[in-house]
Amino acid sequence: MSGTVIPGTPIAVDFWSVRRAGGARLFFLSHMHSDHTVGLSSTWSRPLYCSPLTARLLRRRLQVPTRWIRPLEVGQSHALGDEVTVTLLDSNHCPGSVMFLFEGAFGTILYTGDFRYTSAMQGEPALRGRRIDRLYLDNTHCHPHRPLPSRQHATRQAARVIRAHPRHQVVIGVYSLGKETLLVDLAVEFGTWVVVSPWRLEQMRLLELPDVFTDEEGAGWIRAVDVTEIRWDTLVSWNVLHPTIAILPTGRPVKVTHPNIHPIPYSDHSSFSELCEFVKWLKPCSVIPIVRGGACQAYFQKYLSPDPQVLPDLKIPKPVQESVQQQSKRKGQEPLCLLKRATWHSAPRGVVYESPEKYTEESEASTGVKAPQQNYCESAFCSNKGCACHTGKGKGKEEPSGEQPGVAQAASTVSQALVSDEHFPTGFAEQYLLTPLSVLKQNSSQKFDKLVEDFFRRGEAL
């Protein structure tokens, strides 16, 4: 599943498990591909924000009630209450797909979703000269040894394959949404109808595409079918009836099972070189991969802005915060950072990402690129200069979180500095947080202060 609950914000993107969404209250859908709608169905009952085109597809395909769908115009800024302003930008991935530019007290966050970068994006007014604190990046093809041509070049490559088989019918494997531009270009190039199923024809009309599609069998010699139909047995049966070739437009490595299957490197995701160009131009403060298990920050480190990023305001519960302040005044010292680390540890979790450490080791061994150490917690999370989160030497056990560990420069060092459960002082929790309310009412404020003092003393002893 591709989805994220963004830490320090009320935002969830392509994430539809309310139970696991923590404090997220604003839900956004980037586009209608099935891996981005896992958990989204006709039973959804919260406001959902997306592009107008995605809203139409959402009603048709998933029957999400209209009263919960909030279409937002692309290219305009929209204030959602007092906390968040969002601007939707075309992501050049599939019909209706968008990027989200979020602004608020948490800073400025650009969430690309699935996108195919083009240099024309540098002319987008909402992005020009904009400081980006966190860039959530589509890292599907973030691999320097997997180059991809432009979609225009890939379309010409498909046309050459078709011309090389003048007596063959052509079958093109596509997903339920996407590659429509390729189909239109080939229809225009060869002057033929593209035959599709009645269901797909209805969707093409909903998308208001050029009138090159039909559901009349035999009306054209190019057909679009579901990608799962491109396999050995179907090619054999098609060729019994008529010489047929299949074109499989994809940026992923595929295993060819029949000599008449022709993979074409046509991708709706950005190539590695395009990702580098995009990050170099945008100069964000941090890059966070969207795709699970893709540790690619080392490739972009040299393009990041040297300015410190705005970090989320991680609040300590008020009663604890006030007592900590009282303790620090009496002792003449700053509050211990354990409480703030504990607050981050209990932050709402979204998609659980794997640690990038093993990928970093593999990357260093194969490419010689060393993943940089990230240390953004120094001034924002802790004032104790002797604390492990300053020295980088105190590593606890790895914990899953809503954001990929070691990716966001804010989350990286904090997650590395988390105190493991077995070493975390529990006296305070046992004596106060877990004490029955009837007993607490009998305790004076002095008793509470003493418990806090004991808690800090045990923390220092560790």
Handout entry: ring pair (Phe, Tyr, Trp, His ring centres under 6.0 Å) against F100, all qualifying residues, sequence neighbours excluded
Key = F28, F102
Fill in the blank from the handout: Between N139 and I290 the two heavy atoms that sit nearest each other are OD1-N, 3.1 Å
Completion exercise
Sorted by chain and number, sequence neighbours left out, side-chain contact (heavy atoms from CB on, under 4.5 Å) with E189 holds for R163
Practice task
Give a yes or no on this: more than 12 heavy atoms of other residues, nucleotides or ligands lie within 6.0 Å of atom CZ of R167.
Solution key: no
Practice task
For the residue pair I109 and I11, establish whether any side-chain heavy-atom pair is separated by less than 4.5 Å.
Solution key: no
Handout entry: W68 atom CH2, neighbour heavy-atom count above 12 within 6.0 Å
Key = yes
Problem - Listed partners of H141 passing ring pair (Phe, Tyr, Trp, His ring centres under 6.0 Å), at least two apart - result: H269
Fill in the blank from the handout: Value for CG (D133) from OG (S305), rounded to nearest 0.5 Å, stands at 9.0 Å
Handout entry: Distance-only polar pair, side chains of D114 and H31, donor-acceptor under 3.5 Å
Key = yes
Problem - Inter-residue atom distance Q169.CD - I162.CD1, 0.5 Å rounding - result: 12.5 Å
Exercise for the section: Can you measure from CG (L135) to CG (L304) and round to the nearest 0.5 angstrom? Expected result: 9.0 Å
Handout entry: Pairwise distance CD1(I222) to OG1(T192) - rounded to 0.5 angstrom
Key = 5.5 Å
Problem - Nearest-0.5 Å distance that lies between atom OG1 in T108 and atom CG in L101 - result: 6.5 Å
Handout entry: For E216, side-chain contact (heavy atoms from CB on, under 4.5 Å) partners two or more places apart
Key = T214, A219
Fill in the blank from the handout: Looking only at heavy atoms, the pair that brings I69 and V64 closest together is CD1-O, 3.7 Å
Problem - Counterpart residues, salt bridge (Lys or Arg N to Asp or Glu O under 4.0 Å), relative to E274 (two or more places apart) - result: R116
Exercise for the section: Count the heavy atoms belonging to other residues, nucleotides or ligands that lie under 6.0 Å from CG of D233, then report whether that count exceeds 12. Expected result: yes
Handout entry: Between OG on residue S51 and CD on residue E73, distance to nearest 0.5 Å
Key = 9.0 Å
Practice task
Please list all pairs passing the side-chain hydrogen bond (donor to acceptor under 3.5 Å, both in side chains) test where one or both residues lie in residues 39-50, with sequence neighbours left out.
Solution key: S41-T43
Problem - cation_pi(R128, W281) dist<6.0 Å, angle<=45 - result: no
Exercise for the section: Assess the side chains of Y303 and E277: does a donor N or O sit below 3.5 Å from an acceptor N or O? Expected result: no
Handout entry: Qualifying residues under side-chain hydrogen bond (donor to acceptor under 3.5 Å, both in side chains), relative to S77, sequence neighbours excluded
Key = T87
Handout entry: Residue from V13, V98, L48, L57 passing side-chain contact (heavy atoms from CB on, under 4.5 Å) with L29
Key = L48
Practice task
Identify, with sequence neighbours excluded, every residue that meets ring pair (Phe, Tyr, Trp, His ring centres under 6.0 Å) alongside F272.
Solution key: Y299
Practice task
Might you point out which heavy atoms bring V287 and P284 nearest each other, and give the distance in Å?
Solution key: CG2-CG, 3.9 Å
Handout entry: Salt bridge flag under 4.0 Å for residues D211 and R205
Key = no
Problem - With F190 via ring pair (Phe, Tyr, Trp, His ring centres under 6.0 Å) - residues at least two apart - result: W221
Exercise for the section: Decide whether T112 and Y136 meet the rule of one side-chain donor and one side-chain acceptor closer than 3.5 Å. Expected result: no
Completion exercise
So the ring pair (Phe, Tyr, Trp, His ring centres under 6.0 Å) pairs with at least one residue in residues 155-174 (sequence neighbours excluded) are H165-H168, H165-H262
Problem - H33 side chain to D35 backbone, donor-acceptor under 3.5 Å - result: no
Practice task
Side-chain contact test, heavy atoms from C-beta onward, threshold under 4.5 Å: evaluate it for Y266 versus T181 and give yes or no.
Solution key: yes
Handout entry: Of all pairs that satisfy salt bridge (Lys or Arg N to Asp or Glu O under 4.0 Å), the ones with a partner from residues 95-112, not counting sequence neighbours
Key = E103-R130
Practice task
Assess the side chains of T234 and S237: does a donor N or O sit below 3.5 Å from an acceptor N or O?
Solution key: no
Practice task
Measure across S197 and D215 and return the closest heavy-atom pair with its distance rounded to 0.1 Å.
Solution key: C-CB, 4.2 Å
Problem - Of R56, R60, R61, the residue whose pairing with E202 passes salt bridge (charged side-chain N to carboxylate O under 4.0 Å, His left out) - result: R60
Problem - D14 and S30: side chain donor to acceptor below 3.5 Å - result: yes
Exercise for the section: Would you indicate whether the side-chain heavy atoms of V174 and R200 approach each other to under 4.5 Å? Expected result: yes
Practice task
With sequence neighbours left out, write down each residue that passes salt bridge (Lys or Arg N to Asp or Glu O under 4.0 Å) with R70, or none if nothing qualifies.
Solution key: none
Problem - Nearest heavy-atom neighbours spanning G173 and I230 - result: CA-CG1, 3.8 Å
